[in-house]
Amino acid sequence: MTVPAQHREFLDDVLPKISRDPRVAGVAVGGSIAHGEPDVYSDVDVLVVVSDEAFNAVMAERFALIGSWVDLVAGFTGEHVGEPRLVITLTGPRLLHVDFKFVRVADFGERTSDPKILWERDGALTRALAAAPLAKEPLDEQWLEDRFWVWVHYAATKLGRGELFDVLGFLAFLRETVLGPLIAARAGISPRGVRRLEFAAPEEARELRATVCGYDTKEAGAAVLASIELYRRWRGDVERRDRAEELAVRYLADVLESGGR
């Protein structure tokens, strides 16, 4: 694996600083570096593994600690992605996106992909991984089917009202939440929204272009219809909500025929 020079230099610099804290049991990296596919645009996902008894104290000091490890340009916590243990940062002076996630030793083994251990104290991280199996998160396609046609009706109402910015946001949401994960499932990769689809599934990614449009009512309507077509082709073995599908698609057709506002 070749790690870009900036990322490698960052890790070489920060690792000794973190390891000096006796409360830290080890440091690992996740994301593209752990998966062996980093490039110059990749984030650095740093896992700071803390002894269980010191975790609360370290969490209270985390911004000060990060500031002592790196040139902290900006940072905020990850509640918006359901992860308050995460601190999302830009480090400088040459900007680099670095995510610092603080975890207890007892929780380090809970994972959906394997991190790469960079340093550990007395084998604590290796033991934690060995004690817990890797937990895969399969795509819940029934969850998607139960919601998809409600979402289609929502898009139709926004088209009818002429709220095209909302429709554009909705189309991005469908790609991120529905179509991208369905493509990933077909390609046998972990679903991560639309990330790296151009490389992992180039044929499907080309088809996905039909769901992208400009600020135009007809283009937006065509993009919603393309989203429906792709969803129908790519959804798997689910209990189909046929009545919801029929009525939502009919409602959309009526809105498109009327031209909206």
Note to self: Set out, in order, the CA-CA distance, both residues' side-chain angles and the distance that settles side-chain contact (heavy atoms from CB on, under 4.5 Å) for Arg62 and Phe100, then state yes or no.
What the structure shows: CA-CA 9 Å; Arg62 55 195 164 157; Phe100 291 92; over 6 Å; no
Presence of salt bridge, [Y] and [X], under 4.0 angstrom:
X	Y	result
Glu245	Arg235	yes
Glu37	Arg196	yes
Asp254	Arg250	no
Arg241	Asp146	yes

Practice task
Please determine, by modelled atom types, if Ser51 and Arg23 share a side-chain donor-acceptor pair under 3.5 angstrom.
Solution key: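 The answer is no; no qualifying pair exists.
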Counting heavy atoms not belonging to [X], are there more than 12 under 6.0 Å from its [atom1]?
X	atom1	value
Arg233	CZ	yes
Lys17	NZ	yes
Glu79	CD	yes
Asp39	CG	yes

- Item | Parallel, tilted or perpendicular, as decided by the 30° and 60° cut-offs, for the rings of Tyr215 and Phe165 | tilted
Quick check on the 6.0 Å ring-centre criterion: do Tyr231 and Phe148 meet it?
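Under 6.0 Å, so yes.
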Does some side-chain heavy atom of [Y] sit less than 4.5 Å from a side-chain heavy atom of [X]?
X	Y	value
Thr77	Phe63	yes
Cys213	Leu171	yes
Glu204	Leu197	no
Leu256	Thr217	no
Trp69	Thr91	no

The ring-ring contact (aromatic ring centres under 6.0 Å, His included) partners of Tyr154 (sequence neighbours excluded) come to none
Verify the cluster assignment for Val224 and Phe173: are they in a single hydrophobic cluster under the rule of side-chain heavy atoms below 4.5 Å apart?
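Both belong to a single hydrophobic cluster.
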- prompt: Honestly curious: do Val103 and Ile18 fall in one hydrophobic cluster under the side-chain, below-4.5 Å linking rule?
  reply: no
**Request:** Using modelled atom types only, decide if a donor and an acceptor are shared between the side chain of Arg111 and the backbone of Ala132 within a distance under 3.5 Å.
**Result:** yes
